[in-house]
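These notes concern the structure reproduced below.
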Amino acid sequence: MLDLKFIRDNVGKVKEGLKKKNSKADIDEILQLDEGKRGLLKEVEVMKADRNRISKELGISKAKGEDISQKSAEMKVFSQKIKDIDLKVEEITQRITALMLSVPNIPNEAVPVGSEANNKTVMEWGKKRNFNFNPLSHWELCEKLDIVDFKRAAKISGAGFVVFKGKGALLERALVNFMLDVHIREHGYKEVIPPFLVNEASMTGTGQLPNLKEDMYSIDKESLYLIPTAEVPVTNLYAGEIFSEEQLPLYHVSFSACFRKEAGSYGKDTRGMKRVHQFDKVELVKFVLPEKSYEEHEKLLNNAEIILQKLGFHYRVRLLASGDMSFAAAKCYDIEVYSPGCNEYLEVSSCSNFEDFQARRANIRYRARSGKTAYVHTLNASGVALPRTFIAILENCQTEDGKIAVPEALQPYMGGIAYID
RNA sequence: GGAAGGGUGGCCGAGUGGUCCAAGGCGACGGUUUGCUAAACCGUUGUACGGGCUAAUACCCGUACCGGGGGUUCAAAUCCCCCCCUCUCCGCCA
């Protein structure tokens with residue numbers, strides 16, 4: 001959520017930012033409601049001051065044994081007037097809040113303006129592997145090696161689900177443990193294993209609700225949602241809390257399953273496991289001081305990149321254009337790993353700085369040494385998402401005779417085996 | 001699913017209708033003392049919103065906030081109703 005006061009003082013800047021993000025959010029309506037509300041507040045607060053003063057006087061009169069019945073009767077009418085105005089104020093406040101929750105974050109100045117086509121490659125690592133044979137797609141490899149079962153997954157759950165089997169399951173497990181270990185031991189993150197079901201407040205806190213409701217699985221009877229990313233439970237861990245300045249920065253790494261309906265992307269990437277309804281992910285979440293957040297953002301990006309470097313994959317980093325960023329982000333890098341079977345770059349991580357946007361929604365603050373409280377900045381990145389990394393391993397590490405050469409970094413996590421065959 | 005307790009400031013914890021501007025403690029900050037640290041003593045110490053005055057997030061005034069919502073009352077942390085959360089015990093299940 002943006003700061004209403006900031007909107008009030010920077011109307012032009014905010015409108016420009018929203019335009020860059022292709023948002024149709026109506027700032028004017030919010031400002032108009034806000035003005036009306038402040039007018040009413042001014043009026044009713046004077047009345048309340050009167051009420052408080054007179055009530056106090058009546059208390060004293062009564063203690064002296066004086067008759068206060070007439071004055072009481074007058075005050076009853078006056079109090080009712082206050083209640084009526086309070087009700088109006090409450091109505092307006094709710095409308096403002098509802099509108100504010102749907103206003104996206106505005107982009108940082110470093111973000112290129114435009115749509116997906118304006119995303120900028122800011123860095124490339126490694127090189128595409130040269131094959132002296134025709135590389136297979138991951139779904140062909142999965143079937144041949146019998147390590148992922150798409151058909152039976154569809155039978156028990158539906159399209160867009162996968163079942164890992166044998167060495168496929170082992171590879172998935174190995175990847176999770178490998179990534180967790182790197183972030184915990186080498187990058188100083190503290191591990192958290194959160195619930196995979198969260199309440200509505202948590203989903204609102206990180207910005208998935210209200211706008212992305214159609215893309216989430218929910219258990220309506222209990223008002224619970226299946227998490228689309230560990231970002232949701234982990235960020236909301238500290239909702240309503242106040243850090244001391246010494247506690248920051250705080251780094252968490254978290255493994256979770258992620259659940260996404262992928263509404264609106266039917267027919268896209270239907271083959272294989274590029275886009276599935278349930279997948280595993282190792283997520284990095286940071287809580288930092290506002291003045292450090294862009295420095296921390298670069299470090300975060302690097303932490304995620306290291307995973308791909310250790311696995312030895314060619315990848316590129318894209319700075320997303322304003323219109324391609326998510327609702328809550330102020331600046332975002334995507335890491336895309338190259339996969340030869342499908343011959344494309346696959347997004348394995350979004351590395352975002354949300355500034356105080358999520359912190360304001362979830363009310364996560366810190367107390368500065370001066371004693372002042374302020375919102376923290378939150379950031380997160382996948383470190384990294386599993387299915388596409390799994391794809392990249394199969395397609396990049398395949399041998400001519402149809403085996404998968406396990407990357408060296410993963411071998412200790414797979415009982416020392418060198419090949420999946 | 002049943003029964004009982006609890007939810008108060010950064011934290012702990014008192015508070016059964018007006019004097020609550022929420023006691024007291026801890027912590028934090030400032031000061032005195034001190035070779036340094038500690039201790040002791042003195043003082044300060046919430047958040048949000050609105051308004052005034054501004055260079056100002058400084059200062060002044062007001063309002064609201066004691067889990068959330070509603071009610072009673074001239075007046076609610078306090079009384080009543082509903083809900084949420086939490087904890088203990090019982091039952092059921094793993």
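Lettering follows sequence order; numbering is per chain, from 1.
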Whole angstrom is fine here: how far is it from [atom1] in [X] over to [atom2] in [N]?
| X | N | atom1 | atom2 | answer |
| --- | --- | --- | --- | --- |
| A:Glu246 | B:G27 | CD | C1' | 12 Å |
| A:Lys71 | B:A75 | NZ | P | 14 Å |
| A:Lys372 | B:U57 | NZ | C1' | 6 Å |
| A:Gln247 | B:A28 | CD | P | 14 Å |
| A:Arg360 | B:A48 | CZ | P | 11 Å |
| A:Ile68 | B:G17 | CD1 | P | 17 Å |
| A:Lys83 | B:G71 | NZ | C1' | 8 Å |

What residues, two or more places apart in sequence or in another chain, satisfy ring-ring contact (aromatic ring centres under 6.0 Å, His included) together with [X]?
| X | answer |
| --- | --- |
| A:Tyr251 | A:Tyr189 |
| A:Phe327 | A:Phe357 |
| A:Phe313 | none |
| A:Tyr366 | none |

Check the pair A:Tyr333, A:Glu298 against side-chain hydrogen bond (donor to acceptor under 3.5 Å, both in side chains), reporting the backbone distance first and the verdict last. CA-CA 9 Å; A:Tyr333 295 109; A:Glu298 298 300 319; 2.7 Å; yes
Minimal heavy-atom distance between A:Pro194 and A:Val234, with the atoms involved, is CG-CG2, 4.3 Å
If each of A:Lys42 and A:Ile60 is mapped to the nucleotide of RNA chain B with the nearest heavy atom, which maps nearer the 5' terminus, i.e. the 5' end? A:Ile60
So if I define the base as every atom that isn't primed, P, OP1 or OP2, how would nucleotides 61-70 of chain B read as a B/S/- string at a heavy-atom cutoff under 4.0 Å? -BSS------
Distance between C1' atoms of B:C66 and B:U78 (Å, rounded): 10 Å
Using the C1' atom as the point on both nucleotides, what is the distance between B:A22 and B:U45, in whole Å? 15 Å
Carefully, step by step, assess A:Asp28 and A:Lys15 under the rule salt bridge (charged side-chain N to carboxylate O under 4.0 Å, His left out). CA-CA 9 Å; A:Asp28 289 329; A:Lys15 280 187 177 172; 3.0 Å; yes
Tabulate below the donor-acceptor pairs under 3.5 Å that side-chain atoms of residues 95-103 of chain A make, not counting sequence neighbours, or state none.
from: A:Thr97; atom 1: OG1; to: A:Thr93; atom 2: O; distance (Å): 2.9
from: A:Ser102; atom 1: OG; to: A:Asn211; atom 2: OD1; distance (Å): 3.2

Detail all sub-3.5 Å separations between protein N/O atoms and N/O atoms belonging to nucleotides 80-84 of chain B.
none

Basic-acidic side-chain contact under 4.0 Å: A:Lys48, A:Asp86: yes
Residue set satisfying side-chain contact (heavy atoms from CB on, under 4.5 Å) with A:Ile306, at least two apart, ordered chain then number -> A:Val182, A:His187, A:Asn302, A:Gln309, A:Lys310
Using the ring-ring contact (aromatic ring centres under 6.0 Å, His included) rule, collect all pairs that involve residues 144-177 of chain A, keeping only residues at least two apart or in two chains. A:Phe161-A:His277, A:Phe164-A:Phe390
Would A:Arg53 and A:Lys56 satisfy side-chain contact (heavy atoms from CB on, under 4.5 Å), going step by step from the backbone distance to the final call? CA-CA 5 Å; A:Arg53 181 177 47 80; A:Lys56 205 170 245 179; 5.9 Å; no
Under the 3.5 Å Watson-Crick or G-U criterion, the dot-bracket string of RNA chain B, with | for inter-strand pairs: (((.((((.[[[..)..(.....]]]((((((.......))))))(((((((......))))))).[[[[[..)....]]]]]))).)))....
Determine which pairs satisfy salt bridge (charged side-chain N to carboxylate O under 4.0 Å, His left out) with at least one residue from residues 154-170 of chain A, sequence neighbours left out, and list them in order. A:Asp146-A:Lys165, A:Asp149-A:Lys165, A:Lys167-A:Asp421
Can you check nucleotides 10-12 of chain B for protein contacts, nitrogen or oxygen pairs under 3.5 Å, and list what you find?
from: B:G10; atom 1: O4'; to: A:Arg367; atom 2: NH2; distance (Å): 3.3

Checking A:Thr229 against A:Lys281: is there a side-chain donor and acceptor pair closer than 3.5 Å? yes
